Amino acid sequence: MTPMNGYDAYAKNRILTASPAELTLMLYEGAIKFCNIAIVACENKDIEKAHINIRKTDRIIEEFELTLDEKYEVAKDFHAVYSYLRSCLRHAMITKEASELEEVLKHLRTMRDAWKDVMKLTANGKNLNSQHSSIA
């Protein structure tokens, strides 16, 4: 086992000390990163790299989908979006067309930006006013 370098230690500590809201943001950022890598790989005809990064993107979206809290009505909407994104990713897995991934990337960026807004409004996932119910 190799010792951790400074960056690895920082990254591990960042994850271990992150709030649930920050972890969600990190997952969105990761999905965006892997989708971008897959797009470039498709454009460069690097099939293996594209495949690996499409799968990484899909696994993150799958995690989002699996952790939806069905007691909130909005979960149905998110489920539909995640299903659509995963469908696009499956198609991209077969065709290795960057246009499919661009569609996914567009939605991921929108969702990430909305999540950042939620974090701002709720003080990083903590409710600002205890008399209001938390955001789903």
Side-chain angles (χ1 to χ4, degrees):
M1 190 154 137
T2 60
M4 277 198 276
N5 67 30
Y7 178 78
D8 289 341
Y10 168 79
K12 182 177 181 181
N13 189 52
R14 183 173 173 231
I15 291 168
L16 292 174
T17 60
S19 70
E22 291 167 330
L23 288 172
T24 299
L25 180 60
M26 286 183 211
L27 286 171
Y28 276 121
E29 294 288 353
I32 290 166
K33 172 186 167 184
F34 297 133
C35 195
N36 274 317
I37 293 169
I39 289 168
V40 171
C42 287
E43 290 169 347
N44 292 333
K45 307 294 184 213
D46 187 341
I47 303 304
E48 182 179 3
K49 190 172 188 176
H51 180 84
I52 289 168
N53 286 283
I54 292 169
R55 285 291 303 136
K56 287 179 179 181
T57 305
D58 183 61
R59 285 187 201 124
I60 292 171
I61 296 170
E62 178 183 33
E63 184 64 22
F64 283 141
E65 195 169 20
L66 291 173
T67 58
L68 285 173
D69 191 340
E70 299 295 332
K71 72 179 179 182
Y72 298 104
E73 189 67 27
V74 72
K76 292 176 187 169
D77 297 330
F78 275 97
H79 181 69
V81 172
Y82 293 145
S83 293
Y84 171 70
L85 295 179
R86 294 189 72 208
S87 174
C88 290
L89 289 169
R90 283 190 298 275
H91 191 258
M93 185 76 73
I94 295 166
T95 65
K96 301 298 188 275
E97 290 184 23
S99 61
E100 290 285 337
L101 297 170
E102 292 285 353
E103 174 74 5
V104 172
L105 185 60
K106 176 182 73 170
H107 291 289
L108 286 172
R109 285 180 174 153
T110 299
M111 294 170 81
R112 185 247 351 245
D113 293 345
W115 187 252
K116 283 182 178 180
D117 290 342
V118 167
M119 288 177 67
K120 287 177 191 172
L121 291 171
T122 62
N124 195 22
K126 298 177 185 96
N127 200 342
L128 294 176
N129 184 341
S130 61
Q131 294 184 0
H132 295 286
S133 61
S134 59
I135 296 176

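Since the structure is predicted, the reported quantities are computational estimates derived from the model, not experimental observations. The analysis underlying the following values was restricted to heavy atoms, covering all of them including side chains, and did not include hydrogens, waters or symmetry mates.
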Inset, instruction - Tell me, yes or no, whether the heavy-atom count around Glu48 atom CD, taken from other residues, nucleotides or ligands under 6.0 Å, exceeds 12. - result: no

Compile the donor-acceptor pairs under 3.5 Å between side chains in residues 31-45 and protein atoms, sequence neighbours left out, one pair per line.
from  : atom 1 : to    : atom 2 : distance (Å)
Asn36 : ND2    : Ile32 : O      : 3.3
Asn44 : ND2    : Val40 : O      : 3.3

What donor-acceptor contacts under 3.5 angstrom involve side-chain atoms of residues 85-94, with partners at least two apart or in another chain?
from  : atom 1 : to     : atom 2 : distance (Å)
Arg86 : NE     : Asp58  : OD1    : 2.8
Arg86 : NH1    : Glu65  : OE1    : 3.3
Arg86 : NH2    : Asp58  : OD2    : 3.2
His91 : ND1    : Glu100 : OE2    : 3.0

Inset, instruction - Hey, could you give me the CZ/CD1 distance between Phe78 and Ile61, rounded to the nearest 0.5 Å? - result: 12.5 Å

Inset, instruction - Supply the atom-to-atom distance Ile47 CD1 to Ile52 CD1, rounded to the nearest 0.5 angstrom. - result: 11.5 Å

Inset, instruction - Consider only side-chain heavy atoms of I, L, V, M, F, W and Y, link residues closer than 4.5 Å, and tell whether Leu27 and Tyr82 are in one cluster. - result: yes

Legend entry - Met111 vs Val81, side-chain contact (heavy atoms from CB on, under 4.5 Å): CA-CA, chis, key distance, verdict: CA-CA 10 Å; Met111 294 170 81; Val81 172; 3.8 Å; yes

Legend entry - Pairwise side-chain contact, Tyr28 with Arg109, heavy-atom cut-off 4.5 Å (strictly under): no

Legend entry - Distance (rounded to the nearest 0.5 Å) between Thr57 OG1 and Leu105 CG: 9.0 Å

Legend entry - Euclidean distance, Thr67 OG1 relative to Glu62 CD, rounded to 0.5 Å: 10.5 Å

Inset, instruction - Could you grab the distance from atom CG of Leu101 to atom NZ of Lys96, nearest 0.5 Å is fine? - result: 9.0 Å

Legend entry - Glu103/Lys106 ion pair, N-O < 4.0 Å: yes

Legend entry - Note, Thr24 side chain near Phe64 side chain (heavy atom, < 4.5 Å): yes

Inset, instruction - Please round to the nearest 0.5 Å and tell me the distance separating atom CH2 of Trp115 and atom CG of Leu25. - result: 9.0 Å

